[in-house]
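What follows is a single structure, written as structure tokens, with notes after it.
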Amino acid sequence: PRVAKLVQLALVILMGAGLPWLGFYLWRGTGILPGAWAGLYYIGKYTQGARDLMAEPLFAFLLFVWTCLFVYWQRSRKLWLAFALGLLAGYCVLVKGTGIFLFPVTVAVLAWQWWQTGPHAAARAALAVFVVGYGIVAVPYNVMVSRIAGKFVLFSTQGSDLFRDCNSTVAAGVEGPEWRNRPGGFKFVPAARLPLLLVQKVDEGFQSFTSIRVAVAGLGLWLALELRRRWNERHKWP
């Protein structure tokens with residue numbers, strides 16, 4: 001429907017317009033420029049496909065809203081915000097499976113803050129409230145799909161098949177038939193080849209986006225310099 005496509009386009013524009021603010025929050029004045037570049041790039045990339053309904057713009061918008069809520073929670077430490085973070089993280093994984101990382105990463109961050117502050121009730125409560133909010137969305141859905149499948153299922157009944165079907169020829173290392181048509185079915189590659197295959201797979205995915213390669217390389221350089229600066233501050237090396 002046209003109205004759904006217009007809403008999707010609005011989500012793309014809203015998120016792209018919000019990235020300069022996020023850059024400013026993270027890096028103050030120096031973050032506005034990369035935020036503006038990223039916002040314009042994102043809008044330009046996804047408005048071209050706005051005629052098609054996709055999960056990516058909705059997921060990206062929810063992830064941006066989640067990030068803004070997390071920023072607000074860092075400032076206020078209000079429990080209702082931690083609960084909202086849990087709810088939204090649950091909805092994110094239902095929109096797109098990539099959102100599965102939100103739960104373990106957030107739990108790790110909250111647990112780390114709890115450990116740093118010692119027996120601090122506020123950090124412990126935030127962790128508990130986040131898990132409860134996530135469970136309100138995740139548990140009923142997993143119960144439903146488990147009842148349909150007749151076995152315990154975590155979010156999806158298609159995990160193994162999708163893992164095999166999405167294993168591209170780049171990951172396999174050679175051109176070949178689908179895994180279902182191969183003698184013996186699907187086979188894992190040797191573990192020693194995995195690092196090189198991962199590099200090849202990422203490079204294949206981003207081969208037409210030179211700007212993403214440059215951005216990732218710049219991020220890696222920044223992380224290396226930041227780690228070096230913090231190490232020097234701690235150990236007072238020349």
Side-chain angles (χ1 to χ4, degrees), residues 4-5 7-16 18-19 22 25-26 38-39 42 45-46 49-50 52-74 77-114 123-168 171 198 201-202 205-206 212 216 219:
K5 296 177 181 180
V7 170
Q8 177 178 259
L9 181 61
L11 295 180
V12 170
I13 294 173
L14 284 172
M15 181 189 161
L19 287 178
L22 185 59
Y25 173 79
L26 294 174
Y42 178 80
K45 177 176 172 56
Y46 276 102
D52 302 316
L53 291 177
M54 302 177 292
E56 285 80 2
L58 177 59
F59 174 73
F61 180 77
L62 291 177
L63 188 61
F64 179 74
V65 173
W66 189 92
T67 305
C68 293
L69 280 178
F70 189 83
V71 167
Y72 189 29
W73 174 82
Q74 282 184 314
R77 303 289 176 170
K78 294 180 179 179
L79 286 181
W80 73 267
L81 285 171
F83 180 72
L85 286 171
L87 285 176
L88 194 54
Y91 282 117
C92 279
V93 74
L94 297 187
V95 171
K96 191 169 177 64
T98 313
I100 194 71
F101 73 90
L102 278 175
F103 181 76
V105 169
T106 309
V107 166
V109 169
L110 295 178
W112 172 256
Q113 292 183 350
W114 179 19
R124 183 176 61 224
L127 176 59
V129 167
F130 172 80
V131 172
V132 169
Y134 192 85
I136 287 177
V137 176
V139 171
Y141 181 82
N142 286 316
V143 170
M144 178 189 71
V145 294
S146 296
R147 291 181 62 183
I148 293 173
K151 60 181 179 180
F152 175 72
V153 173
L154 187 63
F155 288 115
S156 174
T157 59
Q158 299 177 316
S160 58
D161 284 347
L162 280 177
F163 177 77
R164 295 174 174 91
D165 286 341
C166 295
N167 189 48
S168 68
L198 178 61
K201 194 170 181 67
V202 172
F206 289 144
I212 294 181
V216 172
L219 178 61

Got a second to check how far F64's CZ is from L22's CG, nearest 0.5 Å? 6.0 Å
In Å and rounded to the nearest 0.5 Å, what is the CG to CE distance from L62 to M15? 10.5 Å
So, taking the atom named CG in L9 and the one named CG in L14, what distance separates them when rounded to the nearest 0.5 Å? 9.5 Å
What donor-acceptor contacts under 3.5 angstrom involve side-chain atoms of residues 82-98, with partners at least two apart or in another chain?
{"residue": "K96", "atom": "NZ", "partner": "E56", "partner atom": "OE2", "Å": "3.3"}

Which residue pairs pass the side chain to side chain donor-acceptor pair (under 3.5 Å) test with at least one member in residues 64-73, sequence neighbours excluded? none
What closest approach, in Å, do G135 and P140 show between heavy atoms, and which atom pair accounts for it? O-CD, 3.4 Å
Between CH2 on residue W80 and CG on residue L69, distance to nearest 0.5 Å: 6.5 Å
What's the shortest heavy-atom distance between N142 and V153, and which atoms? OD1-O, 3.6 Å
Would a distance-only check, ignoring hydrogens and angles, find a side-chain to backbone donor-acceptor pair under 3.5 Å from Q8 to P57? no
Tell me whether the rings of Y134 and F155 are parallel (<30°), tilted (30 to 60°) or perpendicular (>60°). perpendicular
